[in-house]
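Working notes for the structure below.
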Amino acid sequence: MSEFTRVNDAHGKGGKEQLGLSRDDLVPGLRDAIEAVHARGAKFFVQLHHAGVQGVAELDQEGVVVGPSEFDNPLTHAPSRALTTDEVIALVQDFIAATRRAREAGADGIELHGAHGYLINEFLSPRTNHRTDQYGGGFEGRTRFLREILERIRAEVGPDYPITVRLSITESYDLLGMPGVGIEQEEGVRIAQMCEQAGADLISVSTGTYETGITTIEPVNTPRNWRDPLIRAVKDAVSIPVMGTSIVREADQAETMLRDGLVDLVAMGRSWLADPAWGRKAIEGRDADIVRCIA
């Protein structure tokens, strides 16, 4: 799975050196990378992304970040504005166009980044979505943006091209002394069910936003497998495969998650940064040689 990959240059950037599929001229470079991965026997999915109000104002054309509503992010305090209805409709098309480019580059599937407080998550959350048009209000309105993206991408690519969605099943504002704020588990599970109905092939379970970042990039004292109850709640509620990460460090830990039916695939990020040979060592039974991520 690639890092987050922007779909819009004008106001969707998440960093200066971020991957992008916002233009046709970006396809050849990504194709080279994907061909190199394929040559070594692996598959490659592209994670499509818009930063929303967690973006970098200095990188946006207007010098402000955009979201479903104007929102003062307590961490960045970046100037922000609400997207117009026409801009939201155009962004749906941006995700479709980026999917088309991913396929042209040879990607084996795409993931929609609907977690961690980025734009799709911001539309889903009552914490950041205060719109009064068709993309706001109750559950149906707040999920419309993601639902339209999913349904239209599925119509574009047909039934056999994999589409996954990463979701923050809970935004964990209770940890900041704000119970009842944002997406909580019950609604997060309902969003996962909506994604299945709209054409998703897999749900990738995560948590948190920038504000509740200790549930996204966990500190060293966080218990391993702490997300398991959230993953289980999603697994029990959908019929499509579920992928999850829960501070996985050892191969036997990942194997247990699979054997217990908790997940269909195990997701890891920083474990592979600590040891890029993690997978090879696990396959060869060299668990003791794996360099552990210390968070």
Side-chain angles (χ1 to χ4, degrees), residues 4 7-8 12 47-54 66-71 82-96 98-99 110-157 162-173 180-209 211-212 230-231 233-243:
F4 61 7
V7 302
N8 179 286
Q47 186 186 74
L48 300 181
H49 166 268
H50 187 295
V53 296
Q54 292 183 164
V66 300
S69 305
E70 183 178 343
F71 181 73
L83 292 158
T84 67
T85 302
D86 286 345
E87 286 176 318
V88 177
I89 293 169
L91 274 167
V92 173
Q93 185 59 44
D94 285 343
F95 277 94
I96 297 167
T99 300
I110 60 108
E111 177 166 271
L112 299 174
H113 198 330
H116 304 162
Y118 295 120
L119 185 68
I120 291 175
N121 188 165
E122 290 164 10
F123 271 92
L124 296 172
S125 175
R127 165 78 168 157
T128 44
N129 186 344
H130 307 137
R131 300 179 71 91
T132 57
D133 65 359
Q134 66 264 40
Y135 294 100
F139 182 85
E140 292 300 316
R142 285 186 281 109
T143 58
R144 184 183 302 277
F145 181 54
L146 176 53
R147 189 167 62 251
E148 288 185 355
I149 292 170
L150 273 168
E151 290 174 346
R152 293 186 60 184
I153 289 177
R154 177 57 70 205
E156 170 92 10
V157 302
I163 304 171
T164 78
V165 185
R166 191 165 206 199
L167 295 173
S168 285
I169 298 302
T170 172
E171 293 181 299
S172 304
Y173 283 106
V181 171
I183 298 169
E184 296 186 298
Q185 179 177 324
E186 182 178 356
E187 185 167 60
V189 170
R190 189 180 174 195
I191 292 169
Q193 292 173 318
M194 180 278 295
C195 290
E196 177 178 12
Q197 294 165 2
D201 293 299
L202 177 145
I203 303 297
S204 176
V205 175
S206 192
T207 49
T209 70
E211 292 181 88
T212 57
L230 285 171
I231 299 170
V234 175
K235 181 69 173 166
D236 289 345
V238 300
S239 60
I240 55 176
V242 170
M243 180 165 68

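By convention here, the first residue in the shown sequence is residue 1. From a predicted model like this one, the values you see are computed outputs, not experimental measurements.
The shortest side-chain heavy-atom distance between Leu230 and Thr207 falls under the 4.5 Å cut-off. When side chains are defined from C-beta on, Leu119 counts as touching Leu83, because their heavy atoms get closer than 4.5 Å. When side chains are defined from C-beta on, Gln134 does not count as touching Val88, because their heavy atoms never get closer than 4.5 Å. Looking only at side-chain heavy atoms (C-beta outward), Ile110 and Thr164 stay at 4.5 Å or farther from each other. Annotation: side chain of Met243 is not in contact with side chain of Ile203 (no heavy-atom distance under 4.5 Å). Side-chain contact between Gln54 and Thr209: present, with at least one pair of heavy atoms (C-beta onward) separated by less than 4.5 Å. With a 4.5 Å cut-off on side-chain heavy atoms, Leu112 and Arg166 do not count as touching. Taking the side chain as every heavy atom from C-beta outward, Leu202 and Val242 never approach each other to under 4.5 Å.
In this structure, Glu122 does not pair ionically with Arg127, as no charged nitrogen and carboxylate oxygen lie closer than 4.0 Å.
For Arg144 (side chain) and Phe139 (main-chain N/O), no donor-acceptor pair under 3.5 Å exists by modelled atom type. Distance alone, capped at 3.5 Å, is enough to place a donor-acceptor pair between the Ser69 side chain and the His130 backbone. Between the side chain of Glu87 and the main chain of Thr84, a donor-acceptor pair closer than 3.5 Å is present. Judged purely by atom type and a 3.5 angstrom limit, Asn129 has no side-chain atom pairing as donor or acceptor with the backbone of Gly138.
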Inset, instruction - Let me see the working for Ile191 and Ile183 under side-chain contact (heavy atoms from CB on, under 4.5 Å), right down to the final yes or no. - result: CA-CA 10 Å; Ile191 292 169; Ile183 298 169; 4.0 Å; yes
Inset, instruction - Dump the intermediate steps for side-chain contact (heavy atoms from CB on, under 4.5 Å) on Phe95 and Arg152, then the final yes or no. - result: CA-CA 9 Å; Phe95 277 94; Arg152 293 186 60 184; over 6 Å; no
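No side-chain N or O of Gln197 forms a donor-acceptor pair with one of Arg147 less than 3.5 Å apart. Side chain to side chain, Tyr173 and Glu184 fail the donor-acceptor criterion of an N or O pair below 3.5 Å. No hydrogens or angles considered: nothing links the side chains of Thr212 and Glu171 as a donor-acceptor pair under 3.5 Å.
Taking every heavy atom of both residues into account, Gly117 and Asn121 meet most closely at N-OD1, 2.8 Å. In this structure, Pro68 and Ala82 approach most closely via the heavy-atom pair O-CB, 3.7 Å. For the pair Ser125 and Gly182, the tightest heavy-atom approach, listed with the atom from each and the gap, is OG-CA, 3.7 Å.
Atom CZ of Phe145 is separated from atom CG of Leu150 by 11.0 Å, given to the nearest 0.5 angstrom. Atom CG of Leu146 sits about 5.5 Å away from atom CD1 of Ile120, to the nearest 0.5 Å. One distance of note links CD1 of Ile149 with CD1 of Ile163; it measures 11.0 Å at 0.5 Å rounding. Distance check, rounded to the nearest 0.5 Å: CD1 of Ile240 to NZ of Lys235 gives 9.5 Å. Summarising the geometry, atom CG belonging to Leu91 is positioned 7.0 Å from atom CZ belonging to Phe123; distances are rounded to the nearest 0.5 Å. Here the straight-line distance linking atom CG of Leu167 with atom OG of Ser206 works out to 9.5 Å at 0.5 Å rounding.
Applying the ring pair (Phe, Tyr, Trp, His ring centres under 6.0 Å) rule to His113 yields the partners His49, His116, Tyr118; only residues at least two apart in sequence or on another chain are considered.
Residues in residues 186-204 take part in these salt bridge (Lys or Arg N to Asp or Glu O under 4.0 Å) pairs, two or more places apart or across chains: Arg142-Glu187, Arg154-Asp201.
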